[in-house]
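Structure record follows, encoded as structure tokens.
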Amino acid sequence: MAEIVQEEGHKGKGKKKPKKHGTHIDMTPMVDLACLLLTFFMLTTAFNKPKVMEIILPEKPKENEKPPELDKSRALNILLIDHDKILWYDGLADPNKTLPVLTVTDFTKDGIRKVLLQRNKALYAKVDRLNKDVIEGKLKITRDTLESRTKRMYKEDKSGPIVLIKAADGVKYRNIVDIIDEMAIANVARYTLVDINPVEKTMVKNFRK
Amino acid sequence: MGKIKLAVKTPRIDMTPMVDLFFLLLVFFILTATFRPEEAAPIDTPSSTSQTPIPDSHVVTILISKDDKVFFNVDNGSDTIEHLRAKILQAVGSQYQIKFTPKQIKKFVGLASFGLPAANLPAFLDAPDVKSREAMQVGIPIDSLDNQLMTWVRYARLYNSDMEFAIKGDGAANYPVVKKVIAVLQDNNVNKFNLTTNLKKVELPTDIVQNK
């Protein structure tokens, strides 16, 4: 095993010397221990830090301030209900008029994600056009400019949906994270978490019947 | 004819390079290992496609466990000289008329997340072992009558206005609790915060993938 052996030269024909023992250090236990510690630290080290998802909510309106008016044509309401289901409708629900029709969907890739991407089509087309212009050489800008311009387009978008996320009782935190993640995937710039209103509660109730 | 006799020797392998390598790796792993204090409750975070890593320091983490208990954690700042935890503890203590001994403050600095009413903090910090401490973690009160989470968040922001806030909730936590926590943050004018998640892959709807 691992050990230090001191070579002894005793070839000569000289006098018989008292036999010298080579210094023999048995390193096996030390190596064992080093190996053990190494394994321990390798297994306990976590290299990847947990990830975070940033969420920016609109400021709460002050006491004597009216909440900002919402563009009805752009509003998309997402109602989260239990058992990981999503109901959505367009515009605003007015109790004095016929109530909008709820559509049921879920968190799979062909579920709400498709709806949101569809809504953001105009924006995607705009970004695609910009990219195409750059590739074809019509527009001469650097890659950094293109990137920042695209980012700004996503941020200052005026055509995409304004999503109101409303969670009913029995919704888990997981669903909230999932829906906010959907917003990030579909590049929806404007969304907020709001309380579910009584009209919508009855709508959900009617839907379940 | 005599055969050539080979001297029978036990093979000796020189292990010195291997041992060298072992120690090198060992030193590397010891130095890179980050000591992670134990969390107050096991939390299974949901997944998202976000790739941003959590900031290193000045983070207030609000943990929400599976059974809807709320825990609070704040780091000590980028430099230990900031003594953030000690300052926040004393400020919250004075709010609830609690005096902490230097020993209790020292203990608090070394701990990670905690979740209990402020009145129980001295007893919690004097507790002899982890087991008895665990029993006292009943969650921070966030009712409208006694909203102590509000106090913690307010003082955390008072000592450092650049504090980042992160909500680390269990996927199975109920939304009403999360809503209350978000309301506390918004009442403190924190409108930008983070949700701690695990990483997962983005999948696009089938027809959109085909069109591209």
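Throughout, a chain's letter reflects where its sequence line sits, starting with A, and its residues are numbered from 1.
Distance CE/A:M53 to CD1/B:I54: 12.5 Å, rounded to 0.5 Å.
Interface remark: A:I185 contributes side-chain atoms only to the contact with chain B (heavy atom separation under 4.5 Å). Only the backbone of B:S47 has a heavy atom closer than 4.5 Å to any heavy atom of chain A. Proximity to chain A involves both the backbone and the side chain of B:I167, based on heavy atoms less than 4.5 angstrom apart. The parts of A:A34 that come within reach of chain B are both its backbone and its side chain, each placing non-hydrogen atoms under 4.5 angstrom from that chain. The contact between A:D195 and chain B is made entirely by side chain atoms (from C-beta outward), counting heavy-atom distances below 4.5 Å. Residue contact with chain A, scored on non-hydrogen atoms closer than 4.5 Å, involves the side chain of B:F23 exclusively. If you measure heavy-atom distances from A:L193 to chain B, the contacts under 4.5 Å come from the side chain alone.
Interface summary for chain B: among A:I56, A:L57, A:I176, A:L37, the most heavy-atom pairs under 4.5 angstrom belong to A:L57. The most heavy-atom pairs under 4.5 Å with chain A, out of B:T197, B:V178, B:T196, come from B:T197. Heavy-atom pairs under 4.5 Å with chain A were tallied for B:V190, B:T49, B:L25; the largest tally goes to B:T49.
Taking all atoms of both residues into account, the shortest heavy-atom contact from B:P46 to A:V177 is CG-CG2, 3.7 Å.
For the pair A:L38 and B:F29, the minimum side-chain heavy-atom distance is below 4.5 Å.
Residues satisfying the side chain to side chain contact (heavy atoms under 4.5 Å, CB included) criterion with A:K166, sequence neighbours excluded, are A:N77, A:L79, A:Y89, A:L164, A:V194, A:I196, A:N197, A:E200.
Salt bridge B:D170/A:R174: absent, no basic N to carboxylate O contact under 4.0 Å.
Each of B:V177, B:V181, B:I64, B:L195 was checked for a side-chain contact (heavy atoms from CB on, under 4.5 Å) with A:Y173, and the lone residue meeting it is B:L195.
Side-chain contact check for B:N174 and A:K172: at least one donor-acceptor pair (N or O, by modelled atom type) lies under 3.5 Å.
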Less than 3.5 Å apart, which donor and acceptor atoms pair up between the side chains of residues 149-158 of chain B and the rest of the protein, not counting sequence neighbours?
{"unit_1": "B:T151", "atom_1": "OG1", "unit_2": "B:Y96", "atom_2": "OH", "d": "2.9"}
{"unit_1": "B:Y155", "atom_1": "OH", "unit_2": "B:Q95", "atom_2": "OE1", "d": "3.0"}
{"unit_1": "B:R157", "atom_1": "NE", "unit_2": "B:N188", "atom_2": "O", "d": "3.2"}

Side chain to side chain contact (heavy atoms under 4.5 Å, CB included) evaluation trace for B:L26 with A:F41: CA-CA 7 Å; B:L26 184 61; A:F41 278 104; 4.1 Å; yes
